[in-house]
Amino acid sequence: MTDKLIIEGKSKLEGVIDVKGSKNAATPIIAATLLTSSPCILDNVPLVGDVEKMLEIVKKLGAEVDFIEKRKVKITAKNISPEKLDFDMINKMRSSILFIGPLLARFGTVRIPQPGGCIIGSRPIDFHINAFSKMGITIEEFGLKKNGSRSSNVYHFNAPKGVKGKEVVFDGFSVTGTENVMMAATLAKGKTTIKIAATEPHVQDLALFLKKMGANIKGEGTSTIEIKGRKELTGAEHFICYDYIEAGTLIILAVATKGSVCIENAPVENLKLLLNKLKSSGAKLKIGKSSVVVSPGKKLVIDRVQAMPYPGIPTDLQAPIGVLSTQAEGLTLIHDPIFEGRLKYLEELNKMGAEIVICDPHRAIINGPTKLHGGKLDPLDLRAGAAIIIAGLVADGTTVIRDVTQADRGYEEIDKRLCKIGARIKRINR
Ligand code: EPU
């Protein structure tokens with residue numbers, strides 16, 4: 001059963017909205033709890049679809065998962081078995097790739113199908129495979145027969161003598177690649193050095209949690225991370241960092257709708273480039289220590305935006321910025337070199353009256369400002385899901401999002417929270 005959203009546009013948004021915990025920190029940290037048989041307690045866990053699925057997979061592996069409070073969960077992975085990995089669930093989400101590192105480190109073996117997830121490009125896993133093969137792990141790939149046909153690949157990662165600490169040089173910045181190797185290296189024999197390591201805040205939050213578990217890690221937040229393997233890790237308690245992607249999305253939403261909104265628990269230190277870009281484009285922002293107050297601005301001129309690895313403007317904010325660009329003066333060039341399938345939401349915006357030319361899979365030119373009108377839309381990925389909600393709030397008339405699963409994967413009760421600041425959004429359970 002999927003829910004749909006009915007959005008009435010052009011409401012005046014006013015009030016305070018707070019940012020929840022980071023989905024992209026919570027997912028690797030849930031996987032990391034498998035590195036120990038002792039209990040781990042995670043607080044500020046966002047109650048979103050991807051996190052619920054990760055917890056479900058962990059439960060099916062045999063872990064005890066108990067919510068102590070609404071967003072505080074205790075995970076005890078004492079009696080888990082890697083062979084209990086739920087292939088169907090793994091097939092549905094990209095984050096499930098994060099189980100490889102911890103399960104290999106603890107058990108020396110794991111069988112896992114090619115992880116699924118957002119339709120934002122080919123999303124290969126060669127960085128993970130190359131890194132693990134450097135660390136003494138053999139990898140076999142075979143087709144999984146489903147109803148008589150070969151439908152997906154299954155990988156068998158095997159380290160009978162344990163994971164070996166080595167130097168791993170990635171071919172490009174990879175968030176989950178860095179996280180996977182970091183987790184595997186915590187229990188490896190010897191020292192692992194990761195070069196071209198991703199530096200995103202969620203990678204740093206994972207490192208912080210691993211250190212609380214007793215891991216010996218240096219250099220997180222820089223492009224070289226060193227990990228000295230330990231014999232075992234202990235349980236730990238951790239408060240998941242606030243989500244800089246959700247914060248950025250809400251700030252852009254407030255600017256696009258010309259609202260008067262205070263975004264609280266915003267990790268402003270992690271959003272410097274976005275905030276500079278918005279300010280220099282004409283947005284009216286008052287930036288506090290952990291909050292951003294948006295007031296209605298006048299003319300907006302964005303000109304160009306390029307998505308980049310951290311500390312650049314993240315690809316996960318490219319789609320909300322695309323919507324904002326339809327309200328800016330003149331031409332805006334959007335360039336997202338990271339994934340080749342992340343401009344598809346622009347076709348939906350064109351259906352709403354935007355003037356956008358998609359030049360190639362990575363670049364588009366948006367002419368603005370345009371009046372958007374409502375429509376019936378089907379966002380294909382999580383960040384497009386948020387972008388279409390913003391578009392619906394900006395547009396004249398009614399916008400129907402026929403399946404809100406994508407936005408629900410990463411934004412907790414987004415409709416309810418936006419209604420509290422004046423949005424008119426109805427959720428219908430079909
Ligand atoms: N890449 C490869 N080979 C690999 C892995 C990555 O070529 O083995 C390439 C990708 O094709 C892409 C680039 O490297 O061009 C970066 O991909 P990365 O590995 O960083 O992506 P990811 O780890 O799969 C995470 C987030 C994404 C976010 C990207 C970029 C999680 C669970 N996912 O994905 O978040 O867009 O980093 O920052 O942390 C989302 O939250 O909606 C989402 C998709």
Side-chain angles (χ1 to χ4, degrees), residues 20-32 46 48-51 53-54 57 90 92-101 114-134 139 141 153 155 168-183 194 196-206 223 240-241 243-249 270 306-320 335-345 361-362 379-387 405-411:
K20 301 295 180 202
S22 161
K23 164 189 88 83
N24 285 347
T27 46
I29 289 172
I30 290 169
V48 297
D50 276 12
V51 166
K53 279 199 198 119
M54 287 295 281
I57 295 173
I90 301 283
K92 284 184 195 131
M93 63 178 318
R94 174 77 179 180
S95 304
S96 55
I97 199 169
L98 293 163
F99 287 116
I100 303 172
Q114 171 95 33
C118 278
I119 311 163
I120 58 176
S122 58
R123 308 197 77 180
I125 63 164
D126 55 320
F127 291 178
H128 301 248
I129 289 177
N130 294 344
F132 284 136
S133 47
K134 268 234 143 170
I139 298 132
E141 185 185 348
N153 290 339
Y155 296 92
V168 168
V169 185
F170 281 114
D171 281 346
F173 291 102
S174 169
V175 169
T176 48
T178 303
E179 292 168 343
N180 237 342
V181 171
M182 202 159 62
M183 289 190 280
I194 309 176
I196 321 286
T199 61
E200 270 68 6
H202 30 283
V203 179
Q204 295 182 44
D205 206 39
L206 169 66
S223 59
I240 307 275
C241 63
D243 194 331
Y244 81 121
I245 301 296
E246 186 181 82
T249 306
N270 300 329
Q306 181 178 344
M308 275 193 267
Y310 188 76
I313 294 179
T315 168
D316 295 336
L317 289 178
Q318 179 266 110
H335 182 194
D336 188 342
I338 306 198
F339 294 111
E340 68 274 17
R342 267 210 158 157
L343 297 182
K344 291 192 186 113
Y345 73 99
H362 296 285
L380 286 174
D381 74 79
L382 162 58
R383 306 303 172 188
T405 315
Q406 288 296 341
D408 284 344
R409 285 181 44 216
Y411 303 89

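In listed order, ligands and their atoms are each counted from 1. Just so you know, these numbers come straight off a predicted model, no measurement behind them.
- Near Arg383, with a cut-off below 4.0 Å to any heavy atom, the atoms of ligand 1 are 40 (C), 41 (O), 42 (O).
- Close contacts between ligand 1 and His128 involve ligand atoms 8 (O) [criterion: under 4.0 Å to a heavy atom].
- Those atoms of ligand 1 that come under 4.0 Å of a heavy atom in Ser95, given as number and element, are 32 (C).
- Here atom 17 (O) of ligand 1 lies nearest to Phe339 when heavy atoms of Phe127, Phe339, Tyr310, Phe170 are compared.
- Ligand 1 lies within reach of Lys23, whose nearest heavy atom is under 4.0 Å from it.
- Arg342 counts as a contact of ligand 1, since one of its heavy atoms falls under 4.0 Å from the ligand.
- Between the side chains of Asn153 and Glu141, at least one donor-acceptor pair of N or O atoms lies under 3.5 Å.
- Using 4.0 Å as the threshold, Gly177 has no heavy atom nearer than that to any atom of ligand 1.
- Annotation: Thr27 places no N or O atom under 3.5 Å from an N or O atom of ligand 1; distance criterion only.
- Using a 4.0 angstrom heavy-atom cutoff, Pro124 counts as in contact with ligand 1.
- By heavy-atom distance, the residue among Gly385, Ser174, Ala307 lying nearest atom 19 (O) of ligand 1 is Ser174.
- Note that the CD1 atom of Ile245 and the CG atom of Asn270 stand 9.5 Å from one another [nearest 0.5 Å].
- Close approach to Ile338 involves these atoms of ligand 1, each under 4.0 Å from a residue heavy atom: 12 (C), 15 (O), 16 (C).
- A donor-acceptor contact shorter than 3.5 Å links the side chain of Asp205 to the backbone of Cys241.
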